[in-house]
Number of protein chains: 2
Amino acid sequence: MGQSKKLRMQLDPLDRKLLMLLGGNARRTNQSLSDELGIAPSTCLSRMKTLKEAGIIDRFTIDVEPDALGFPLQALISVRLQPGARHLMAKVGEELRHAPEILQFFVLGGAEDFLVHIAAKDTEHIRRFVLDWLSANPAVAGTQTSLVFEHARVGPAV
Amino acid sequence: MGQSKKLRMQLDPLDRKLLMLLGGNARRTNQSLSDELGIAPSTCLSRMKTLKEAGIIDRFTIDVEPDALGFPLQALISVRLQPGARHLMAKVGEELRHAPEILQFFVLGGAEDFLVHIAAKDTEHIRRFVLDWLSANPAVAGTQTSLVFEHARVGPAV
DNA sequence: GTTGAAACAAAACATAA
DNA sequence: TTATGTTTTGTTTCAAC
């Protein structure tokens with residue numbers, strides 16, 4: 001699909017500032033962006049297109065408050081697989097990432113194999129998630145759950 | 001500042017679909033959104049505004065590929081504070097979250113106090129980050145670093 | 001809560017400089 | 001990269017439903 005060229009283009013300060021501005025408000029008009037950058041709208045548009053096509057901008061999206069959606073709790077769950085089940089990593093990962101509670105999914109090197117970030121209605125919901133998706137899987141050796149008290153996504157480090 | 005009303009408004013299927021569409025492309029025109037939703041552009045606009053004002057849409061933003069920015073490595077670092085330093089959590093957190101490498105920042109309950117997600121140029125960069133921002137801080141009792149092999153941010157579960 | 005119409009603003013594209 | 005012109009498309013408001 002029309003993913004990207006995966007070019008490792010190099011960014012000048014203008015590109016970086018553009019990324020910063022879009023990170024702050026991805027719906028700003030091209031004109032307002034070009035004004036702030038001090039460049040012509042056509043230039044700004046072409047920069048934006050290039051960043052998108054190069055895959056540097058992965059997508060224009062929104063940050064949603066999970067608790068406003070009825071999921072006031074968040075948890076991080078680290079998952080260790082059975083030593084003999086490492087070859088199932090891809091499979092377990094695929095299953096997991098389709099759980100509706102999942103916000104993020106990390107595949108790790110180190111003591112843990114996965115880390116999943118979930119949003120949930122309540123603690124019972126978390127417990128059920130761990131049981132249904134993790135503990136029930138014979139490839140899973142163990143899990144550790146931590147409640148998230150605060151979470152900040154920091155803008156693109158540009 | 002003009003944050004939000006933090007109303008716990010309740011969402012109907014239209015709101016949910018709108019969130020989904022915006023999650024997929026936050027720069028879609030209001031018109032194209034309203035077409036897909038089967039409502040008038042003015043209605044769509046007012047829904048979007050309401051979602052923004054209620055804080056359900058936290059912001060319109062972009063996902064940036066960190067490795068396209070020259071940070072091909074990612075790591076998760078969990079941080080434990082000294083037992084007597086828990087009252088410094090807010091302070092340590094404030095310092096940390098301004099480090100340019102930081103992508104995300106979690107405050108946790110459980111064995112660990114923080115988890116930070118960083119992007120870095122190379123392993124030496126990670127090492128220096130841990131030394132400069134964490135180990136050097138007397139409030140920090142210990143850290144544990146894991147490399148991130150894969151990371152997926154899953155769209156808002158709506 | 002939803003709408004269409006109207007007035008306005010911006011996007012898209014080409015082209016030339 | 002920019003400036004400019006043209007055409008098309010989108011935004012926003014608001015009175016009315």
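So that the names make sense, note that chain A is the first sequence line, chain B the second, and so on, each numbered from 1. All values below were derived from every heavy atom in this structure, side-chain atoms included, with hydrogens, water molecules and symmetry-related copies excluded.
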Rounded to whole Å, how long is the line connecting atom [atom1] of [X] with atom [atom2] of [N]?
{"X": "Leu33(A)", "N": "dA10(C)", "atom1": "CG", "atom2": "P", "value": "12 Å"}
{"X": "Leu37(B)", "N": "dG1(C)", "atom1": "CG", "atom2": "C1'", "value": "15 Å"}
{"X": "Gln10(B)", "N": "dG1(C)", "atom1": "CD", "atom2": "C1'", "value": "14 Å"}
{"X": "Lys49(B)", "N": "dT2(C)", "atom1": "NZ", "atom2": "P", "value": "14 Å"}
{"X": "Arg27(B)", "N": "dA10(C)", "atom1": "CZ", "atom2": "P", "value": "13 Å"}
{"X": "Asp35(B)", "N": "dT9(D)", "atom1": "CG", "atom2": "P", "value": "12 Å"}
{"X": "Arg28(B)", "N": "dA11(C)", "atom1": "CZ", "atom2": "C1'", "value": "17 Å"}

Which nucleotide, [options], lies nearest any side-chain atom of [X]?
{"X": "Asn30(B)", "options": "dT12(D), dC13(C), dA11(C)", "value": "dT12(D)"}
{"X": "Ser42(A)", "options": "dT2(C), dT2(D), dT11(D)", "value": "dT2(D)"}
{"X": "Ile39(A)", "options": "dA11(C), dT2(D), dT1(D)", "value": "dT2(D)"}
{"X": "Ala40(A)", "options": "dT2(D), dT2(C), dT12(D)", "value": "dT2(D)"}

Please check: side-chain N/O of Asp15(B) versus main-chain N/O of Asp12(B), any donor-acceptor pairing under 3.5 Å? yes
Any sub-3.5 Å donor-acceptor pair from Ser32(A)'s side-chain atoms to Arg28(A)'s backbone N or O?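 Answer holds: no.
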By the 4.0 Å heavy-atom rule, please label Gln31(A) as base, sugar-phosphate, or nothing.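 The residue Gln31(A) makes sugar-phosphate contact but no base contact.
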For Thr43(B), report the nucleic acid contact type (base, sugar-phosphate, nothing); a contact means any heavy atom under 4.0 Å.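 Touches a base.
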Once rounded to the nearest 0.5 Å, what's the spacing between atom CG of Leu51(B) and atom CD of Glu65(A)?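 So the gap between those two atoms works out to 12.5 Å.
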Are Arg153(A) and Leu103(B) close enough that some pair of their side-chain heavy atoms sits under 4.5 Å apart? no
Under the side chain to side chain contact (heavy atoms under 4.5 Å, CB included) rule, what do Phe129(A) and Ile77(A) come out as? Steps first, then yes or no, please. CA-CA 10 Å; Phe129(A) 176 87; Ile77(A) 305 163; 3.7 Å; yes
Starting at the 5' end of DNA chain C and moving along, which residue's nearest nucleotide shows up first, Leu45(A) or Asp12(B)? Asp12(B)
